[in-house]
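Just so we're on the same page: letters track the sequence lines, and every chain starts at 1.
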Number of protein chains: 2
Amino acid sequence: VEHEAAAGERRIVEVRRAILDKNDRLAERNRGFFEARGLLVLNFLSSPGSGKTTFIREAVRALQPKLKAGVIVGDLATDNDAQRLRESGAPVVQITTGTVCHLEAEMVNRALKQIDLNGLNLLIIENVGNLVCPASYDLGEDLRVVLLSVTEGEDKPLKYPPMFQSADAVIISKMDLADACGYNRELALANIRRVAPKAQIFETSAKTGQGMGAWCDFVMRQHQDGLARDLSPR
Amino acid sequence: VEHEAAAGERRIVEVRRAILDKNDRLAERNRGFFEARGLLVLNFLSSPGSGKTTFIREAVRALQPKLKAGVIVGDLATDNDAQRLRESGAPVVQITTGTVCHLEAEMVNRALKQIDLNGLNLLIIENVGNLVCPASYDLGEDLRVVLLSVTEGEDKPLKYPPMFQSADAVIISKMDLADACGYNRELALANIRRVAPKAQIFETSAKTGQGMGAWCDFVMRQHQDGLARDLSPR
C-alpha cells in the first residue's frame, strides 16, 4: 500500500499519513469500546489460503465452553467465509471490501453494529488475505495473530518482515501437510524468531487438532490478563 | 491498494488515478521496448508461497534449448528468490520494494538496465506475492500469469476476482500435494473458468514435472505469435 518509493511524490506521502492517522484514531476508539465490553479482540492475518477460516472455526468451537466468540471477516468478494464460520455456531459479520486490500478500523466499527455483543467475551477479526498491506492498519485489536502454513515456504517471515514484526502470536498451520511438502521445521522456527522474537509460536493443524489445545489455553489466559490491561496506545 | 471506499475522500481517488495514469504510460514505454527487442514478457502473480519461484526456475530450465530467458523478481526484502532463480542459469535481477506491495512499471524499467538482454527472447517478471494490489499495475507485459496452488482452497478466484479477471493464463501449482490436501479439481476449474473464462489453464507440479511440457509449448507458441503482435494498448 505504500507508494513513496515508487511514485516519489511528497503529496502521496502526505495523503497516506493522513489516512493512517485517521485510522489510528478510530482504532483507539475501537480499543476503548472493546475494553468497556470486556472483549478480547484478535486480528488474524496471513496470505490468502493459509487456513485462517478453518482455524478460526475450529478454535471457536473448542473455546465455546469457556469463551463465547463473535467473528468479523473481511474479503474482497463473496460471503463464503462467513458461511463457513457460522458452522461454529458463532455470530458472524462479513465485510466485503470490493477492491480494498485490507480492513480498516472504520469498517470494523461499522460491522460491530451488526453483531449482538451481549454475552460475547471474544471477538475474532479475520482480515483480508494479504501478507503486506493489512500490517499498516491497527483495528484496535489486543493481539495480532499471523498465520503461516507449512506449504508456503520457510522464508516468508524474512520476505514479509513488516507483517511478522507486528505479530504477537504466529500460528503455523496445516502441520498435517508438513511431511508431504518437505517442511523444514527448524528453519521455519528460526526465521520466525529472527523477525518476531517476542511472538508466541503455535504449531497446529485444524484438521487433526494438533496444537489447538495449547492455542485455546493461550487465548483463555489472554482473556484473564485483559482485566489488567493497560491504556497505552499500541 | 484502493482507499476510496475506506477513506471516502476525493483527494485519495485523485492521487490514486494520477499514480495509475503515470504507471500506465510507463508500462506502454516498457511494452514498446520489449517489442523492439523481440522479448516475450510474462508477469507472474500469486499469493505468497504459491510456488512462483520454483515454477519459474524449472520452466526456465526446460525452455533453455529453445528460448533464452532473463528474470526480474520483486520482494519486500531479501534476495533469496534471485539466488534460487540463478540456479536455472538465467540472468536475474532482484528488486526489493521495502514496504511497497507490488511492482510498478518504473521499477521494471530501472531493473532492465541491470540485465544483459543480448540473446534473450523471454523476460519473466516475478511480482511481489500479493493476490490483490499488483493486479492494478500494468508492467508492459504481454501476458499475465496467475498461480494458484492446490493447498490454497478452490474458491480463491471468487474471493480475489480482480487478479483472476486480469489473467491470460492460470497455473495450478503443487499438483503433487492434491491428494494430501483433499483438492477438489472440478470445483477449482469451474471457479477459474467462471472468473477468467478466456484464461488458459495449466495443471502443474514443478516437483514431479507434471504439466511443464504443456506450459513450455504454450510459451513457445506465444513467442512465435509475438511477431504478429498488434499495437493496441492493454
Side-chain angles (χ1 to χ4, degrees), chain A residues 1-9 11-12 15-16 18-19 22-23 46-51 53-54 75-78 80-81 97-104 106-107 128-133 135-136 148-149 151-153 155-156 158-163 174 176-177 179-182 207, chain B residues 1-9 11-12 15-16 18-19 22-23 46-51 53-54 75-78 80-81 97-104 106-107 128-133 135-136 148-149 151-153 155-156 158-163 174 176-177 179-182 207:
Chain A
V1 131
E2 297 201 20
H3 303 281
E4 292 88 330
E9 285 167 30
R11 198 166 144 229
I12 294 160
V15 171
R16 179 171 151 74
I19 294 170
K22 186 185 165 201
N23 184 74
S46 81
S47 302
S50 298
T53 308
T54 307
D75 274 301
L76 270 63
T78 83
N80 292 1
D81 283 0
T97 63
T99 54
V100 180
C101 54
H102 57 271
L103 289 183
E104 298 184 6
E106 192 177 10
M107 300 178 198
V128 175
N130 183 331
L131 212 45
V132 189
C133 316
S136 304
L148 173 65
S149 83
T151 67
E152 286 171 56
D155 65 350
K156 288 296 162 295
L158 309 182
K159 289 168 70 181
Y160 298 84
M163 180 62 79
K174 306 194 190 184
D176 54 290
L177 294 175
D179 289 342
C181 69
K207 205 183 245 177
Chain B
V1 132
E2 297 203 21
H3 303 280
E4 291 89 330
E9 284 167 29
R11 197 163 145 231
I12 295 161
V15 171
R16 180 170 150 73
I19 294 169
K22 185 185 166 200
N23 184 74
S46 81
S47 302
S50 299
T53 307
T54 307
D75 273 302
L76 269 62
T78 83
N80 291 0
D81 283 1
T97 64
T99 54
V100 180
C101 55
H102 58 270
L103 290 183
E104 298 185 6
E106 193 176 10
M107 301 178 197
V128 176
N130 182 331
L131 212 44
V132 188
C133 316
S136 304
L148 172 65
S149 84
T151 66
E152 287 171 55
D155 66 349
K156 287 296 162 294
L158 309 182
K159 289 168 71 182
Y160 299 83
M163 181 61 79
K174 307 195 190 183
D176 54 290
L177 294 176
D179 289 342
C181 69
K207 205 183 248 178

> Checking heavy atoms, do the side chain of B:P48, its backbone, both or neither come under 4.5 Å from chain A?
Replying inline: both
> Where does B:L177 contact chain A at under 4.5 Å (heavy atoms): side chain, backbone, both or neither?
Replying inline: side chain
> Any side-chain heavy atom of A:L76 sitting closer than 4.5 Å to one from A:V128?
Replying inline: yes
> Are B:E152 and B:S50 side-chain neighbours, meaning at least one heavy-atom pair lies under 4.5 Å?
Replying inline: yes
Largest heavy-atom contact set with chain B, pairs under 4.5 Å, which of [options]:
options                        : value
A:L131, A:D179, A:D155         : A:D155
A:A180, A:G153, A:A135, A:P161 : A:A180
A:T54, A:T53, A:D81            : A:D81

>> So which atom in A:K156 and which in B:G49 form the shortest heavy-atom distance, rounded to 0.1 Å?
In response: CE-N, 3.2 Å
> Do you know the tightest heavy-atom contact between B:C101 and B:N130?
Replying inline: O-ND2, 3.2 Å
> Out of B:P162, B:S149, B:G129, which one racks up the most heavy-atom pairs below 4.5 Å with chain A?
Replying inline: B:G129
> What option among B:V15, B:N80, B:L103, B:T151 has the most heavy-atom pairs under 4.5 Å with chain A?
Replying inline: B:T151
>> Does any backbone or side-chain atom of A:K159 lie under 4.5 Å from a heavy atom of chain B? Answer side chain, backbone, both or neither.
In response: both
> Using 4.0 Å as the upper bound for N to carboxylate O, is an ion pair formed by A:K22 and A:E104?
Replying inline: no
>> A:V132 vs A:M163, test: side-chain contact (heavy atoms from CB on, under 4.5 Å). Steps then yes/no.
In response: CA-CA 6 Å; A:V132 189; A:M163 180 62 79; over 6 Å; no
